[in-house]
**Student:** 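Submitted below is the structure of interest, expressed as C-alpha coordinates.
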Number of protein chains: 2
Amino acid sequence: MKLSTKGRYAVTAMLDLALHSGNGPITLAEVSSRQDISLSYLEQLFSKLRKASLVDSVRGPGGGYELKRPSSQISIAEVVLAVNEPISATKCNGKGGCQDGDLCLSHQLWTELSDQIYQFLSGITLEQVIQRRFVQKVAERQNHRFREEDVILFS
Amino acid sequence: MKLSTKGRYAVTAMLDLALHSGNGPITLAEVSSRQDISLSYLEQLFSKLRKASLVDSVRGPGGGYELKRPSSQISIAEVVLAVNEPISATKCNGKGGCQDGDLCLSHQLWTELSDQIYQFLSGITLEQVIQRRFVQKVAERQNHRFREEDVILFS
DNA sequence: ATCAAAGTTGACTAAATTACTCGGGTATGG
DNA sequence: CCATACCCGAGTAATTTAGTCAACTTTGAT
(Lines give C-alpha, C1' and ligand atoms only; values in the text may rest on other atoms or scores of the structure.)
Protein backbone atom coordinates (compact mmCIF):
# COMPACT_ATOMS: atom_id res chain seq x y z
CA MET A 1 0.00 0.00 0.00
CA LYS A 2 1.67 3.13 -1.22
CA LEU A 3 0.40 6.59 -0.49
CA SER A 4 1.65 9.40 -2.65
CA THR A 5 0.37 12.24 -4.78
CA LYS A 6 -0.25 9.81 -7.60
CA GLY A 7 -2.96 8.09 -5.61
CA ARG A 8 -4.36 11.46 -4.68
CA TYR A 9 -4.66 12.40 -8.32
CA ALA A 10 -6.55 9.20 -9.01
CA VAL A 11 -8.88 9.64 -6.05
CA THR A 12 -9.51 13.26 -6.98
CA ALA A 13 -10.36 12.30 -10.54
CA MET A 14 -12.66 9.51 -9.39
CA LEU A 15 -14.40 11.90 -7.01
CA ASP A 16 -14.87 14.29 -9.90
CA LEU A 17 -16.44 11.51 -11.92
CA ALA A 18 -18.72 10.58 -9.07
CA LEU A 19 -19.72 14.18 -8.43
CA HIS A 20 -20.64 14.90 -12.03
CA SER A 21 -22.29 11.61 -12.85
CA GLY A 22 -25.85 11.22 -14.05
CA ASN A 23 -25.63 12.88 -17.45
CA GLY A 24 -23.78 10.23 -19.37
CA PRO A 25 -20.04 9.82 -19.72
CA ILE A 26 -17.63 12.53 -18.63
CA THR A 27 -14.68 13.48 -20.78
CA LEU A 28 -11.20 13.56 -19.39
CA ALA A 29 -10.94 17.08 -20.80
CA GLU A 30 -13.59 18.18 -18.30
CA VAL A 31 -11.87 16.45 -15.42
CA SER A 32 -8.58 17.91 -16.59
CA SER A 33 -9.80 21.49 -16.55
CA ARG A 34 -11.82 21.12 -13.37
CA GLN A 35 -9.13 19.37 -11.35
CA ASP A 36 -6.13 20.90 -13.04
CA ILE A 37 -4.49 17.63 -13.97
CA SER A 38 -2.83 17.24 -17.36
CA LEU A 39 -4.97 15.41 -19.89
CA SER A 40 -2.29 12.95 -20.90
CA TYR A 41 -1.53 12.09 -17.32
CA LEU A 42 -5.23 11.48 -16.73
CA GLU A 43 -5.28 9.19 -19.76
CA GLN A 44 -2.51 7.12 -18.20
CA LEU A 45 -4.29 6.95 -14.87
CA PHE A 46 -7.63 6.07 -16.42
CA SER A 47 -6.04 3.39 -18.52
CA LYS A 48 -5.14 1.69 -15.26
CA LEU A 49 -8.47 2.46 -13.66
CA ARG A 50 -10.23 0.89 -16.63
CA LYS A 51 -8.06 -2.20 -16.51
CA ALA A 52 -8.92 -2.44 -12.82
CA SER A 53 -12.61 -2.39 -13.78
CA LEU A 54 -13.27 0.75 -11.81
CA VAL A 55 -14.51 2.79 -14.79
CA ASP A 56 -16.14 2.17 -18.13
CA SER A 57 -15.11 4.02 -21.25
CA VAL A 58 -17.26 5.17 -24.13
CA ARG A 59 -15.47 6.09 -27.30
CA GLY A 60 -16.39 8.57 -29.95
CA PRO A 61 -18.20 11.90 -29.71
CA GLY A 62 -20.24 12.19 -26.54
CA GLY A 63 -18.05 9.58 -25.02
CA GLY A 64 -15.95 9.66 -21.89
CA TYR A 65 -15.71 7.75 -18.67
CA GLU A 66 -18.16 6.74 -15.98
CA LEU A 67 -17.90 4.76 -12.80
CA LYS A 68 -18.42 1.08 -13.39
CA ARG A 69 -20.04 0.67 -9.99
CA PRO A 70 -21.96 3.07 -7.80
CA SER A 71 -19.69 5.35 -5.82
CA SER A 72 -20.88 3.61 -2.66
CA GLN A 73 -19.23 0.45 -3.89
CA ILE A 74 -15.81 1.78 -4.83
CA SER A 75 -13.28 2.07 -2.04
CA ILE A 76 -10.37 4.47 -1.79
CA ALA A 77 -8.09 1.47 -1.46
CA GLU A 78 -9.15 0.11 -4.84
CA VAL A 79 -8.45 3.41 -6.55
CA VAL A 80 -5.06 3.86 -4.94
CA LEU A 81 -4.03 0.28 -5.65
CA ALA A 82 -5.14 0.52 -9.28
CA VAL A 83 -2.69 3.27 -10.15
CA ASN A 84 0.23 2.19 -7.98
CA GLU A 85 2.76 -0.45 -8.76
CA PRO A 86 2.66 -2.92 -5.90
CA ILE A 87 5.24 -1.95 -3.30
CA SER A 88 7.98 -4.55 -3.29
CA ALA A 89 8.18 -6.09 0.14
CA THR A 90 10.65 -8.82 -0.71
CA LYS A 91 14.02 -7.20 -0.41
CA CYS A 92 15.36 -10.25 1.35
CA ASN A 93 15.59 -12.32 -1.81
CA GLY A 94 19.26 -11.72 -2.31
CA LYS A 95 20.43 -12.49 1.18
CA GLY A 96 20.37 -16.24 1.53
CA GLY A 97 20.17 -16.64 5.28
CA CYS A 98 16.89 -14.85 5.69
CA GLN A 99 14.64 -17.60 6.92
CA ASP A 100 13.56 -16.53 10.34
CA GLY A 101 15.94 -13.69 11.01
CA ASP A 102 15.22 -10.12 11.92
CA LEU A 103 15.21 -9.19 8.28
CA CYS A 104 12.26 -11.24 7.15
CA LEU A 105 10.55 -10.56 10.43
CA SER A 106 10.49 -6.83 9.92
CA HIS A 107 9.53 -7.28 6.30
CA GLN A 108 6.63 -9.39 7.36
CA LEU A 109 5.67 -6.91 10.01
CA TRP A 110 5.71 -4.14 7.46
CA THR A 111 3.55 -6.00 5.02
CA GLU A 112 1.10 -6.73 7.80
CA LEU A 113 1.06 -3.08 8.70
CA SER A 114 0.61 -2.15 5.08
CA ASP A 115 -2.20 -4.64 4.91
CA GLN A 116 -3.93 -3.05 7.86
CA ILE A 117 -3.85 0.29 6.11
CA TYR A 118 -5.31 -1.36 3.07
CA GLN A 119 -8.12 -2.73 5.20
CA PHE A 120 -8.65 0.71 6.62
CA LEU A 121 -8.89 2.39 3.23
CA SER A 122 -11.05 -0.44 1.96
CA GLY A 123 -13.68 0.66 4.41
CA ILE A 124 -13.94 4.15 2.95
CA THR A 125 -15.89 4.58 -0.27
CA LEU A 126 -16.06 7.45 -2.72
CA GLU A 127 -19.63 7.96 -1.62
CA GLN A 128 -18.64 8.36 2.00
CA VAL A 129 -16.14 11.00 1.02
CA ILE A 130 -18.68 12.89 -1.04
CA GLN A 131 -21.39 12.44 1.52
CA ARG A 132 -19.30 13.88 4.26
CA ARG A 133 -18.69 16.92 2.17
CA PHE A 134 -22.39 17.30 1.48
CA VAL A 135 -23.20 17.07 5.13
CA GLN A 136 -20.66 19.74 5.93
CA LYS A 137 -21.88 22.06 3.19
CA VAL A 138 -25.49 21.74 4.26
CA ALA A 139 -24.49 22.22 7.84
CA GLU A 140 -22.74 25.46 7.00
CA ARG A 141 -25.52 26.70 4.79
CA GLN A 142 -28.30 26.02 7.25
CA ASN A 143 -26.21 26.99 10.22
CA HIS A 144 -27.38 23.77 11.68
CA ARG A 145 -25.40 21.54 13.95
CA PHE A 146 -25.54 17.87 13.13
CA ARG A 147 -25.06 15.15 15.64
CA GLU A 148 -21.43 14.23 15.82
CA GLU A 149 -22.19 10.73 14.69
CA ASP A 150 -23.39 12.03 11.34
CA VAL A 151 -19.97 13.30 10.45
CA ILE A 152 -18.08 10.30 11.59
CA LEU A 153 -15.97 9.52 8.57
CA PHE A 154 -13.22 12.05 8.82
CA SER A 155 -13.32 13.43 12.30
CA MET B 1 1.20 11.25 5.30
CA LYS B 2 3.29 9.50 2.74
CA LEU B 3 3.83 5.78 2.70
CA SER B 4 6.79 4.49 0.72
CA THR B 5 9.82 2.32 1.08
CA LYS B 6 11.66 5.16 2.75
CA GLY B 7 9.33 5.06 5.73
CA ARG B 8 9.66 1.32 5.81
CA TYR B 9 13.44 1.58 6.01
CA ALA B 10 13.13 3.95 8.93
CA VAL B 11 10.62 1.76 10.75
CA THR B 12 12.74 -1.31 10.14
CA ALA B 13 15.82 0.41 11.51
CA MET B 14 13.94 1.66 14.55
CA LEU B 15 12.60 -1.82 15.16
CA ASP B 16 16.13 -3.13 14.98
CA LEU B 17 17.19 -0.57 17.55
CA ALA B 18 14.33 -1.52 19.80
CA LEU B 19 14.98 -5.24 19.44
CA HIS B 20 18.67 -4.97 20.31
CA SER B 21 18.43 -2.40 23.05
CA GLY B 22 19.62 -2.91 26.59
CA ASN B 23 23.37 -3.13 26.02
CA GLY B 24 24.17 0.47 25.36
CA PRO B 25 24.15 2.27 22.03
CA ILE B 26 23.91 0.36 18.76
CA THR B 27 26.09 1.29 15.83
CA LEU B 28 24.60 1.98 12.46
CA ALA B 29 27.10 -0.52 11.08
CA GLU B 30 25.29 -3.26 12.99
CA VAL B 31 21.90 -2.12 11.80
CA SER B 32 23.28 -1.84 8.31
CA SER B 33 24.52 -5.42 8.18
CA ARG B 34 21.52 -6.88 9.99
CA GLN B 35 18.89 -5.08 7.97
CA ASP B 36 20.82 -4.81 4.73
CA ILE B 37 20.49 -1.06 4.42
CA SER B 38 23.45 0.99 3.24
CA LEU B 39 25.33 2.69 6.05
CA SER B 40 25.30 6.11 4.46
CA TYR B 41 21.62 5.93 3.79
CA LEU B 42 21.05 4.99 7.42
CA GLU B 43 23.13 8.00 8.43
CA GLN B 44 20.81 10.26 6.48
CA LEU B 45 17.74 8.67 7.99
CA PHE B 46 19.08 8.80 11.54
CA SER B 47 20.06 12.41 11.10
CA LYS B 48 16.37 13.12 10.63
CA LEU B 49 15.32 10.74 13.38
CA ARG B 50 17.69 12.49 15.76
CA LYS B 51 16.39 15.93 14.82
CA ALA B 52 12.90 14.58 15.45
CA SER B 53 14.03 13.56 18.95
CA LEU B 54 13.28 9.92 18.34
CA VAL B 55 16.83 8.71 18.99
CA ASP B 56 19.87 9.79 20.96
CA SER B 57 23.36 9.58 19.58
CA VAL B 58 26.58 8.77 21.41
CA ARG B 59 29.78 9.67 19.65
CA GLY B 60 33.14 8.02 19.79
CA PRO B 61 34.11 4.40 20.32
CA GLY B 62 31.36 2.34 21.91
CA GLY B 63 28.92 4.93 20.66
CA GLY B 64 25.91 4.56 18.45
CA TYR B 65 22.21 5.25 18.66
CA GLU B 66 19.50 4.36 21.11
CA LEU B 67 15.83 5.11 21.33
CA LYS B 68 15.17 8.33 23.15
CA ARG B 69 11.92 6.98 24.56
CA PRO B 70 10.76 3.44 25.35
CA SER B 71 9.56 1.59 22.30
CA SER B 72 6.09 1.62 23.80
CA GLN B 73 6.06 5.37 23.46
CA ILE B 74 7.18 5.76 19.87
CA SER B 75 4.53 5.47 17.21
CA ILE B 76 4.96 4.33 13.62
CA ALA B 77 3.51 7.63 12.51
CA GLU B 78 6.27 9.59 14.22
CA VAL B 79 8.96 7.53 12.54
CA VAL B 80 7.40 7.78 9.09
CA LEU B 81 6.79 11.50 9.42
CA ALA B 82 10.34 12.13 10.63
CA VAL B 83 11.95 10.88 7.44
CA ASN B 84 9.37 12.09 4.93
CA GLU B 85 9.08 15.51 3.49
CA PRO B 86 5.57 16.71 4.19
CA ILE B 87 3.35 15.84 1.23
CA SER B 88 2.42 19.03 -0.54
CA ALA B 89 -1.34 19.33 -0.46
CA THR B 90 -1.55 22.83 -1.84
CA LYS B 91 -1.41 22.36 -5.56
CA CYS B 92 -4.22 24.90 -6.00
CA ASN B 93 -1.96 27.88 -5.39
CA GLY B 94 -1.52 28.65 -9.05
CA LYS B 95 -5.15 28.62 -10.07
CA GLY B 96 -6.69 31.80 -8.78
CA GLY B 97 -10.34 30.87 -8.63
CA CYS B 98 -9.93 28.09 -6.15
CA GLN B 99 -11.89 29.35 -3.22
CA ASP B 100 -14.77 26.97 -2.89
CA GLY B 101 -14.43 24.96 -6.07
CA ASP B 102 -14.07 21.26 -6.49
CA LEU B 103 -10.34 21.65 -6.57
CA CYS B 104 -9.70 22.90 -3.06
CA LEU B 105 -12.41 20.69 -1.69
CA SER B 106 -10.85 17.51 -2.98
CA HIS B 107 -7.50 18.71 -1.73
CA GLN B 108 -9.04 19.24 1.65
CA LEU B 109 -10.65 15.85 1.55
CA TRP B 110 -7.32 14.26 0.74
CA THR B 111 -5.50 15.99 3.53
CA GLU B 112 -8.20 14.88 5.91
CA LEU B 113 -7.89 11.34 4.63
CA SER B 114 -4.16 11.59 5.04
CA ASP B 115 -4.74 12.87 8.52
CA GLN B 116 -6.89 9.86 9.33
CA ILE B 117 -4.10 7.55 8.31
CA TYR B 118 -1.79 9.55 10.53
CA GLN B 119 -4.15 9.06 13.43
CA PHE B 120 -4.29 5.39 12.59
CA LEU B 121 -0.52 4.96 12.58
CA SER B 122 -0.22 7.08 15.68
CA GLY B 123 -2.01 4.36 17.57
CA ILE B 124 0.60 1.73 16.72
CA THR B 125 3.86 1.75 18.65
CA LEU B 126 7.15 0.04 17.95
CA GLU B 127 6.49 -2.10 20.99
CA GLN B 128 3.17 -3.29 19.64
CA VAL B 129 4.82 -4.25 16.39
CA ILE B 130 7.50 -6.21 18.20
CA GLN B 131 4.99 -7.95 20.40
CA ARG B 132 2.87 -8.55 17.32
CA ARG B 133 -0.01 -7.29 19.30
CA PHE B 134 -0.79 -4.53 16.88
CA VAL B 135 -2.83 -6.67 14.57
CA GLN B 136 -5.43 -7.50 17.16
CA LYS B 137 -5.46 -4.03 18.62
CA VAL B 138 -5.95 -2.40 15.29
CA ALA B 139 -8.52 -4.96 14.34
CA GLU B 140 -10.46 -4.14 17.46
CA ARG B 141 -10.31 -0.45 16.78
CA GLN B 142 -11.36 -0.92 13.21
CA ASN B 143 -14.22 -3.18 14.03
CA HIS B 144 -15.46 -0.61 16.43
CA ARG B 145 -15.10 2.17 13.93
CA PHE B 146 -16.66 0.28 11.08
CA ARG B 147 -19.57 -0.92 13.13
CA GLU B 148 -20.57 2.62 13.95
CA GLU B 149 -20.00 3.81 10.44
CA ASP B 150 -22.03 1.08 8.92
CA VAL B 151 -24.93 1.72 11.20
CA ILE B 152 -25.00 5.42 10.57
CA LEU B 153 -24.01 5.88 6.97
CA PHE B 154 -25.50 2.77 5.46
CA SER B 155 -28.87 1.23 6.00
C1' DA C 1 49.07 12.25 23.34
C1' DT C 2 47.71 9.19 19.96
C1' DC C 3 44.73 6.21 17.72
C1' DA C 4 40.72 4.22 16.20
C1' DA C 5 35.74 4.00 16.55
C1' DA C 6 31.88 6.16 15.71
C1' DG C 7 28.71 10.05 14.74
C1' DT C 8 28.18 14.58 11.59
C1' DT C 9 27.95 16.96 7.48
C1' DG C 10 27.78 18.20 2.73
C1' DA C 11 28.31 17.39 -1.97
C1' DC C 12 27.64 14.37 -5.42
C1' DT C 13 25.49 10.62 -8.28
C1' DA C 14 22.64 6.75 -10.03
C1' DA C 15 18.28 4.72 -10.13
C1' DA C 16 13.47 4.91 -9.74
C1' DT C 17 9.20 7.20 -9.71
C1' DT C 18 6.20 10.94 -10.91
C1' DA C 19 4.27 14.06 -13.96
C1' DC C 20 3.93 15.38 -18.28
C1' DT C 21 4.40 15.83 -23.67
C1' DC C 22 3.93 14.28 -28.28
C1' DG C 23 2.41 11.85 -32.05
C1' DG C 24 0.07 8.96 -33.65
C1' DG C 25 -3.65 5.53 -33.67
C1' DT C 26 -9.08 3.66 -33.24
C1' DA C 27 -14.08 3.88 -32.53
C1' DT C 28 -18.30 6.38 -33.33
C1' DG C 29 -22.15 9.81 -33.41
C1' DG C 30 -23.72 13.33 -36.38
C1' DC D 1 -16.60 12.05 -43.86
C1' DC D 2 -15.28 14.35 -39.85
C1' DA D 3 -14.81 15.95 -35.45
C1' DT D 4 -14.69 14.03 -30.90
C1' DA D 5 -12.81 11.46 -27.55
C1' DC D 6 -10.67 7.26 -26.02
C1' DC D 7 -6.29 4.39 -26.72
C1' DC D 8 -1.38 3.57 -26.79
C1' DG D 9 3.54 3.82 -26.72
C1' DA D 10 7.73 6.40 -26.78
C1' DG D 11 10.14 9.86 -24.80
C1' DT D 12 11.48 13.35 -21.15
C1' DA D 13 11.96 16.68 -17.32
C1' DA D 14 11.49 17.02 -12.43
C1' DT D 15 11.53 14.99 -8.17
C1' DT D 16 12.43 11.51 -4.85
C1' DT D 17 14.93 7.59 -3.32
C1' DA D 18 19.01 5.29 -2.44
C1' DG D 19 23.59 5.22 -2.13
C1' DT D 20 28.68 6.93 -2.45
C1' DC D 21 32.54 9.64 -1.06
C1' DA D 22 35.31 12.60 1.53
C1' DA D 23 36.29 15.30 5.19
C1' DC D 24 35.50 16.35 9.92
C1' DT D 25 34.36 15.99 15.17
C1' DT D 26 33.93 13.66 19.41
C1' DT D 27 35.60 10.43 22.63
C1' DG D 28 37.09 5.88 24.92
C1' DA D 29 41.03 3.23 25.35
C1' DT D 30 45.91 2.29 25.04
Side-chain angles (χ1 to χ4, degrees), chain A residues 1-13 17 20 23-33 35-52 54-68 80 82-89 91 94, chain B residues 1-13 17 23-33 35-52 54-68 80-89 91 94:
Chain A
M1 201 67 194
K2 205 158 66 173
L3 275 189
S4 63
T5 53
K6 191 177 191 177
R8 193 180 73 199
Y9 276 121
V11 170
T12 300
L17 232 59
H20 298 90
N23 302 321
I26 295 147
T27 68
L28 290 189
E30 293 176 63
V31 180
S32 172
S33 84
Q35 305 301 336
D36 199 25
I37 307 172
S38 100
L39 179 58
S40 300
Y41 195 40
L42 277 178
E43 283 177 348
Q44 288 176 37
L45 295 180
F46 273 81
S47 169
K48 294 186 176 180
L49 292 172
R50 191 173 59 89
K51 278 165 188 159
L54 293 177
V55 295
D56 268 334
S57 65
V58 180
R59 300 176 76 144
Y65 286 94
E66 36 195 8
L67 299 184
K68 189 150 193 164
V80 172
V83 299
N84 279 332
E85 303 300 323
I87 202 167
S88 74
K91 182 102 185 260
Chain B
M1 201 67 194
K2 204 158 68 173
L3 275 189
S4 63
T5 52
K6 191 177 191 177
R8 192 179 73 198
Y9 277 122
V11 170
T12 300
L17 234 57
N23 301 321
I26 295 147
T27 69
L28 290 190
E30 292 176 63
V31 180
S32 172
S33 83
Q35 305 301 336
D36 199 25
I37 308 172
S38 100
L39 179 58
S40 300
Y41 195 39
L42 277 178
E43 284 173 348
Q44 288 176 38
L45 295 179
F46 273 81
S47 168
K48 293 186 176 180
L49 292 171
R50 191 173 60 90
K51 278 166 189 158
L54 293 176
V55 295
D56 267 334
S57 65
V58 180
R59 301 176 77 146
Y65 287 94
E66 37 195 6
L67 300 184
K68 189 150 193 165
V80 172
L81 273 192
V83 298
N84 278 333
E85 304 298 323
I87 203 166
S88 74
K91 180 101 187 259

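Order of the sequence lines sets the chain letters (A, B, ...), proteins ahead of strands, with each chain counted from 1. Everything quoted here is computed from the prediction, not taken from an experiment.
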**Student:** Considering non-hydrogen atoms only, spot the tightest contact between A/Asn84 and A/Lys2 and give its length.
**Tutor:** ND2-O, 2.9 Å
**Student:** What is the separation between atom OH on B/Tyr9 and atom P on C/dA16, rounded to the nearest whole Å?
**Tutor:** 12 Å
**Student:** Between C1' on C/dA27 and CG on A/Asp56, what's the gap in Å once rounded to a whole number?
**Tutor:** 15 Å
**Student:** Would you call A/Lys6 and A/Glu85 a salt bridge, taking side-chain N to carboxylate O under 4.0 Å as the test?
**Tutor:** no
**Student:** Starting from P on C/dA16, measure out to NZ on A/Lys6 and report it in whole angstrom.
**Tutor:** 15 Å
**Student:** If you find the nucleotide of DNA chain C closest to B/Thr27 and the one closest to A/Asn84, which residue's nucleotide is nearer the 5' end?
**Tutor:** B/Thr27
**Student:** Within this structure, what is the CG-to-P distance between A/Leu28 and D/dC6, rounded to whole angstrom?
**Tutor:** 4 Å
**Student:** D/dT25 P sits how many Å from B/Arg50 CZ, rounded?
**Tutor:** 16 Å
**Student:** Which class fits the ring pair A/Tyr41 and A/Tyr9: parallel under 30°, tilted 30 to 60°, perpendicular over 60°?
**Tutor:** perpendicular
**Student:** Are A/Lys51 and D/dC6 close enough that a side-chain N or O sits under 4.0 Å from OP1 or OP2?
**Tutor:** no
**Student:** For B/Val58 and B/Glu66, run side chain to side chain contact (heavy atoms under 4.5 Å, CB included): C-alpha distance rounded to whole Å, both residues' side-chain angles, the deciding distance at 0.1 Å, then the answer.
**Tutor:** CA-CA 8 Å; B/Val58 180; B/Glu66 37 195 6; 4.1 Å; yes
**Student:** Atom NZ of B/Lys48 to atom P of C/dT8: distance rounded to whole Å?
**Tutor:** 15 Å
**Student:** What is the distance, to the nearest angstrom, from the CD atom on A/Glu85 to the P atom on C/dA19?
**Tutor:** 13 Å
**Student:** Is the phosphate of D/dT17 approached by B/Lys2 (side-chain N or O, under 4.0 Å from OP1 or OP2)?
**Tutor:** yes
**Student:** Looking at the side chain of B/Ser57, which of C/dT8, D/dC7, C/dT18 is the nearest nucleotide?
**Tutor:** C/dT8
**Student:** What I'd like to find out is whether the side chain of A/Pro25 reaches to under 4.5 Å of the side chain of A/Tyr65, using heavy atoms alone.
**Tutor:** no
**Student:** Do the non-hydrogen side-chain atoms of B/Ser32 and B/Ile37 ever get within less than 4.5 Å of each other?
**Tutor:** no
**Student:** Quick check on contacts: within residues 38-47 of chain A, what sits under 4.0 Å from DNA chain C by heavy-atom distance?
**Tutor:** A/Ser38, A/Ser40, A/Tyr41, A/Gln44
**Student:** By side-chain hydrogen bond (donor to acceptor under 3.5 Å, both in side chains), which residues pair with A/Glu30, not counting sequence neighbours?
**Tutor:** A/Thr27
**Student:** Can a donor-acceptor pair under 3.5 Å be found between the side-chain atoms of B/Arg59 and the base atoms of D/dT27?
**Tutor:** no
**Student:** B/Ser4 side chain N/O closer than 4.0 Å to the phosphate oxygens (OP1, OP2) of C/dT17?
**Tutor:** no
